[in-house]
Amino acid sequence: MLRLTVPLVLCCAMAQAQNLGCTFDPNVDGYIEVPHGAQLVPRSGITVEAWFTYDDAALPSGWRYPTIMRQGIGPQGENIMLRVDADNSAQRELRWRIKTTSGATFDCNYLFAPGEFLVWTHVAGTYDGNTLALYVNGQQVVSTATNGEAIRDVVDVLRIGKGSDVATPIEVWNGELDEVRLWPFARTAEDIQQTMNLELQSVPGYVSTWNLNGDALDSSSDQHGVIGGTVAFTVNPLPLTGAPTAFGIAAGAGTPGCTGELRLCPSGPSVTNYADYRLVCTRTAPSSFVFWGASLQAAPAPLSFLGVDVWLDPSSLVAVGLTSNGLGSAGLNLPIPPTASGFSFVAQCLVPDACAAQGWAASDALVLVVQ
């Protein structure tokens, strides 16, 4: 059934978020572990984000690799990894790494100054198939060309606050973490800047947001973590603001294809003066045709078209055809001007798919109001 039956006015006020996060002790084993799921190793690109502090002067001696996030914890088994490579405790290198389906490894390494991360810092790593990039406080600091392949998946857990168990606890984080996020596509610098100071919840479209407000729950999806060892939830001075409801509300249900159910995800909140704003349809076939439709409101009941359910109102329907990238991520660019406040619309994407009953798959619809 349709999840929304009437147009919505999305106008909740933003509020100060609860300032809790996780504190890790590099002398004590502790981490958050999330069971394996396809959402945690997206084939359509990725963005990993976190707020953190790091005290390099207090790091214990010896070989150390304090880790923010790692997927694949077996020896040399990492597919996604964001950590500090301290080596024998003398090095200061923030490293963002992915491994692709052929086993190739790509790194972005940022050499930081002593004490640079004693203050709260935002970090983001992105991968779009062609480029691996690392951002610090919303600014790109390094990038690396890659091979165009998807991220490999060895079907292993994801960890926050620690890497592998080799010589525990040498890969436990040394400091604090807050607002850890995973998106199924590469975000831009403007996307990151739009949301880095917000506490995000209920973001549609295969996004995971671990707010770390006293628990390890995913507040946007169902990729919940469990705590292993010793993890302390502590008050911090990070001034996060509660996100508005401008991320949109999912309506209807998608029609699955070869790679599962397609879903729409906004690149950020639909707010005015947002030049990079776009909607992203993930889990399409690589380099496939994507049929985008939009209307002023959702249909009261689904319309059958090409064997899929269309949740758009045909009286105000507009459509456009685009092509997804080599990883199966299709972005519809919709720059929002400064004067668009209050404008509302509904969008959905349809994709040719050999696994679907009549050769087409469709995403859910997304209802949005520009704020």
Side-chain angles (χ1 to χ4, degrees), residues 16-42 46-54 65-74 77-84 120-125 153-165 168-184 195-238 240-243 247 265:
Q16 193 72 23
Q18 184 180 20
N19 292 330
L20 287 178
C22 284
T23 300
F24 298 85
D25 183 340
N27 296 296
V28 180
D29 195 29
Y31 53 88
I32 292 171
E33 187 167 283
V34 185
H36 175 268
Q39 181 170 323
L40 301 176
V41 193
I46 195 170
T47 300
V48 169
E49 300 180 62
W51 278 97
F52 74 96
T53 65
Y54 174 76
Y65 305 97
T67 300
I68 295 174
M69 179 187 288
R70 174 167 166 164
Q71 197 282 327
I73 63 170
E78 69 279 2
N79 305 311
I80 301 162
M81 186 174 73
L82 181 59
R83 76 181 188 189
V84 170
W120 280 98
T121 304
H122 186 270
V123 62
D153 185 359
V154 294
V155 190
D156 202 352
V157 300
L158 178 144
R159 277 188 179 166
I160 296 168
K162 182 189 176 183
S164 77
D165 293 321
T168 291
I170 69 169
E171 297 194 11
V172 174
W173 186 246
N174 181 34
E176 298 176 84
L177 296 177
D178 204 353
E179 281 296 304
V180 180
R181 306 164 184 166
L182 190 155
W183 303 71
T195 58
M196 57 185 284
N197 294 310
L198 301 179
E199 180 182 89
L200 302 185
Q201 298 181 7
S202 302
V203 181
Y206 295 124
V207 177
S208 289
T209 54
W210 296 279
N211 304 120
L212 306 182
N213 284 335
D215 57 48
L217 300 180
D218 175 358
S219 62
S220 289
S221 191
D222 58 0
Q223 308 300 299
H224 305 307
V226 294
I227 296 171
T230 301
V231 176
F233 291 97
T234 54
V235 176
N236 65 55
L238 191 60
L240 297 176
T241 300
F247 277 96
C265 181

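Note that the coordinates shown come from a computational prediction; the quantities given were computed from them, not determined experimentally.
- The side chain to side chain donor-acceptor pair (under 3.5 Å) search around T47 returns none, not counting sequence neighbours.
- Side chains of W183 and C265 form a contact here, defined as non-hydrogen atoms less than 4.5 Å apart.
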**Q.** From CA spacing to verdict: side chain to side chain contact (heavy atoms under 4.5 Å, CB included), F247, T195
**A.** CA-CA 11 Å; F247 277 96; T195 58; 3.9 Å; yes

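- Tested against T23, the residues V235, T230, T234 include a single side-chain contact (heavy atoms from CB on, under 4.5 Å) partner, T234.
- Checked against side chain to side chain contact (heavy atoms under 4.5 Å, CB included), T121 has the following partners two or more places apart in sequence or in another chain: F52, F117, V119, V136, N137.
- For the atom pair CD (E78) and CD (E171), the distance works out to 8.5 Å, reported to the nearest 0.5 Å.
- Checked against salt bridge (Lys or Arg N to Asp or Glu O under 4.0 Å), E179 has the following partners two or more places apart in sequence or in another chain: R181.
- At a threshold of 4.5 Å between non-hydrogen side-chain atoms, the residues D29 and V172 count as touching.
- Y54 is linked by a ring-ring contact (aromatic ring centres under 6.0 Å, His included) to F112, W173, counting only residues two or more places apart in sequence or in another chain.
- Partners of V34 by side chain to side chain contact (heavy atoms under 4.5 Å, CB included), not counting sequence neighbours, listed by chain and number: L40, L158, W210, Q223.
- Looking at D156, its side chain never comes within 3.5 Å of a backbone N or O of H36 through a donor-acceptor pair.
- Taking 4.5 Å as the limit, every side-chain heavy atom of L182 sits out of range of all side-chain heavy atoms of Q39.
- With sequence neighbours excluded, the residues that form a side chain to side chain donor-acceptor pair (under 3.5 Å) with N79 are Q71, R152.
- By the 4.5 Å heavy-atom criterion applied to side chains, P184 and V207 are counted as neighbours.
- Sequence neighbours left out, not one pair with a member in residues 214-236 passes salt bridge (Lys or Arg N to Asp or Glu O under 4.0 Å).
- Nearest heavy atom pair, residue T67 against residue R70, reads CG2-CB, 3.9 Å.
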(Q) Run T209 and S219 through side-chain hydrogen bond (donor to acceptor under 3.5 Å, both in side chains) and show every step you take. (A) CA-CA 6 Å; T209 54; S219 62; 2.7 Å; yes

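- Scanning all heavy atoms of the two residues, the minimum distance from I73 to G163 falls at CG2-O, 3.9 Å.
- The side chain to side chain donor-acceptor pair (under 3.5 Å) search around T53 returns none, not counting sequence neighbours.
- Residues meeting the ring-ring contact (aromatic ring centres under 6.0 Å, His included) test with W120, sequence neighbours left out: none.
- In this structure, the salt bridge (Lys or Arg N to Asp or Glu O under 4.0 Å) partners of E33, at least two apart in sequence or on a different chain, are R159.
- Residue V48 comes nearest to I46 through the heavy atom pair CG2-CD1, 3.9 Å, listed as atom of the first residue, atom of the second, then distance.
- The closest side-chain heavy-atom distance from N236 to W51 is not below 4.5 Å.
- Under the rule for a side chain to side chain contact (heavy atoms under 4.5 Å, CB included), the partners of A50 that lie at least two apart in sequence or sit in another chain are I68, V123, V180.
- Looking only at side-chain heavy atoms (C-beta outward), N213 and E199 come within less than 4.5 Å of each other.
- A search for side chain to side chain contact (heavy atoms under 4.5 Å, CB included) contacts involving C22 returns F24, I32, L212, V231, F233, not counting sequence neighbours.
- Counting only heavy atoms from C-beta outward, the side chains of M69 and L177 never approach each other to under 4.5 Å.
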